[in-house]
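Reading through the structure tokens given below for one structure.
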Amino acid sequence: QVQLVESGGGLVQAGGSLRLSCAASTRTFSSYGMGWFRQAPGKEREFVAAITWSGGTTYYADSVKGRFAISRDNAKNTVYVQMNSLKPEDTAVYYCAARKVGWHSTRPVEYDYWGQGTQVTVSS
């Protein structure tokens, strides 16, 4: 069982930045594909960004492309998402997810483990 713990959420004004972190409790973190998803009230969980096991390939939702950057530090068992130029529509609970297959995926069903989520609120 892999535990994922997100941190870094909070309240920020539109145009501001936040960096979310997700720490994983596994020694084989470097073999996992990792992703970030978000869910706003009354909406389905949606893909935000993903990264392969090595960090060599990243993938983004169109809505965040150019503003968000996903990265990972396998020595620290941690994945990050740097969020810049935040908009009110980015407000959501952000979830970190891990999949045993090392390649990235945009589909929540293909992830094996999930964190508890961290709230991001962007005020206008």
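Just so you know, these numbers use all the heavy atoms, side chains as well, and skip hydrogens, waters and symmetry mates. Because the structure is a prediction, the values reported are computed rather than measured.
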Next on the checklist: Within a 6.0 Å radius of atom CD on E89, are there more than 12 heavy atoms belonging to other residues, nucleotides or ligands?
Outcome noted: yes
Atom pair [atom1]/[atom2] of [X] and [Y] - distance to nearest 0.5 Å:
| X | Y | atom1 | atom2 | result |
| --- | --- | --- | --- | --- |
| N74 | S54 | CG | OG | 8.0 Å |
| S123 | Q13 | OG | CD | 5.0 Å |
| T28 | N77 | OG1 | CG | 8.5 Å |
| S31 | K100 | OG | NZ | 10.5 Å |
| R72 | I70 | CZ | CD1 | 8.0 Å |

Are [X] and [Y] grouped together when hydrophobic residues (ILVMFWY) are joined by side-chain heavy atoms under 4.5 angstrom apart?
| X | Y | result |
| --- | --- | --- |
| M34 | Y60 | yes |
| W53 | V81 | no |
| L18 | V64 | yes |
| W114 | L4 | no |
| I51 | L20 | yes |

Item to check | Cationic tip of R45 above F37 ring, under 6.0 Å, 45° of axis | outcome: no
Checklist entry - Is it the case that S105 and E110 place a side-chain donor and acceptor less than 3.5 Å from each other? => result yes
Checklist entry - Do we see a donor-acceptor contact under 3.5 Å between the side chains of Y111 and R99? => result no
Item to check | Note: D62-K65 ion pair, threshold 4.0 Å (strictly below) | outcome: yes
Checklist entry - Short question: side chain of Q82, backbone of R19 - any donor-acceptor pair under 3.5 Å? => result no
Next on the checklist: Taking Q116's backbone N and O only, do any of them form a donor-acceptor pair with E6's side chain (distance below 3.5 Å, no angle check)?
Outcome noted: yes
Using a 4.5 Å cut-off on heavy atoms from C-beta on, say whether the side chain of [Y] contacts that of [X].
| X | Y | answer |
| --- | --- | --- |
| F68 | L86 | yes |
| W36 | V79 | yes |
| D73 | Y80 | yes |
| M83 | V12 | no |
| T91 | R38 | no |
| Q1 | Y113 | yes |

Item to check | Parallel, tilted or perpendicular: ring planes of Y59 versus H104, cut at 30 and 60 degrees | outcome: parallel
Checklist outcome for this item: Closest non-hydrogen atoms of S124 and A14, given as atom of the first, atom of the second and distance, are CA-CB, 4.4 Å
Next on the checklist: For a quick test of reading the model, state the closest non-hydrogen atom pair linking A24 to V2 and the distance between them.
Outcome noted: CB-CG1, 4.5 Å
